[in-house]
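When reading the values below, keep in mind they use all heavy atoms of this one structure, side chains included, and skip hydrogens, waters and symmetry mates.
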Amino acid sequence: MMNIETDELKNLIPSIIVDNYYNMVALNSTAEKMLGDVKGEKCYKILYGFNSPCYQKNIICPVYHKESRIDTINLDFESYLRSYGSIPMGGLFYESFINITKMELIRSAIMDPLTNLYNKRFMENFLDKTFNFWKRYRQIFSVIYIDIDNLKEINEEFGHLNGDEAIIKVSSCLKIGIRASDVAGRLDGDEFLVVLPRTAINE
């Protein structure tokens, strides 16, 4: 992918802010270009063409379910990757979305091919976003940094295929062990990062 400046990256993915009544109250520049002047319109109508809120279609809705997550939804022949949650102040909610119908192209940009965890670039961007939420709204979060001891020795004694297997086994533990709201990724080699939104260190 291109080397994109941070301000440009923030506007690369369409993002909206929604109030408690499903009204869109703000959009970033990319969302405005895609959707036009839709402030005050219902998010479910403009984004997905529904006549009623998403939860009535068995789709998790940040306004109704009060969850912060990353997930995918499939509508007819289109697939979307979404990141969404609540903004602590003012009863507002955010949703970022991207059409991932061409899934392999998107996966190669954000996923680590060995572990199927998020890659370093995605994790750095997600951590930056989470940190900005803390700075702006004091929305707490925690971070877990993990590395595999003696991976170099494993590679030298048993070969790189077994070293890769060790990396895969650690990533499998992460997938099983984290909550739906947590985000895990592989940074480099034997290094992993887990971001836990809305989680204090004592939790």
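- Taken from OG1 in T130 to NZ in K135, the straight-line distance is 12.5 Å, to the nearest 0.5 Å.
- Looking at heavy atoms from C-beta onward, D182 lies out of side-chain contact with V195 at the 4.5 angstrom threshold.
- Figure legend: cation-pi geometry between K57 and Y48 absent, as NZ or CZ is not positioned both under 6.0 Å from the six-membered ring centre and within 45° of its axis.
- Considering SG of C43 and CD1 of I17, their distance stands at 11.5 Å, rounded to 0.5 Å.
- Between R186 and E191 no salt bridge is recorded (no basic side-chain N to carboxylate O distance below 4.0 Å).
- Side chains of N99 and E78: a donor on one and an acceptor on the other come within 3.5 Å.
- In this model, no donor atom of one side chain and acceptor atom of the other lie less than 3.5 Å apart for T115 and K175.
- The aromatic rings of Y94 and F133 are tilted relative to each other, their planes meeting at an angle between 30° and 60°.
- Under 3.5 Å, the side chains of E203 and T199 contain no donor-acceptor pair of N or O atoms.
- Between the side chains of K45 and N51, no donor-acceptor pair is found at a separation under 3.5 Å.
- No continuous path of ILVMFWY side-chain contacts below 4.5 Å connects V194 to L127, so the two sit in separate hydrophobic clusters.
- Between Y44 and Y22, the distance from one ring center to the other falls under 6.0 angstrom.
- For R138 and W134, the positive end sits near the middle of the six-membered ring, less than 6.0 Å away and at most 45° from its axis.
- Note: F122 and F126 have parallel aromatic rings, judged against thresholds of 30 and 60 degrees for the angle between ring planes.
- Nearest heavy atom pair, residue E67 against residue Y84, reads O-CD1, 3.6 Å.
- Residues K129 and S83 are in side-chain contact: their nearest non-hydrogen atoms beyond the backbone lie under 4.5 Å apart.
- With rounding to the nearest 0.5 Å, the separation of CZ in R121 from CG in L187 is 14.0 Å.
- When all heavy atoms are compared, the tightest approach of S15 to A31 is O-CB, 3.5 Å.
- I60 has its side chain within reach of R69: a pair of non-hydrogen atoms, C-beta onward, lies under 4.5 Å apart.
- The one candidate from I59, I98, I73 that meets the side-chain contact (heavy atoms from CB on, under 4.5 Å) condition with Y80 is I73.
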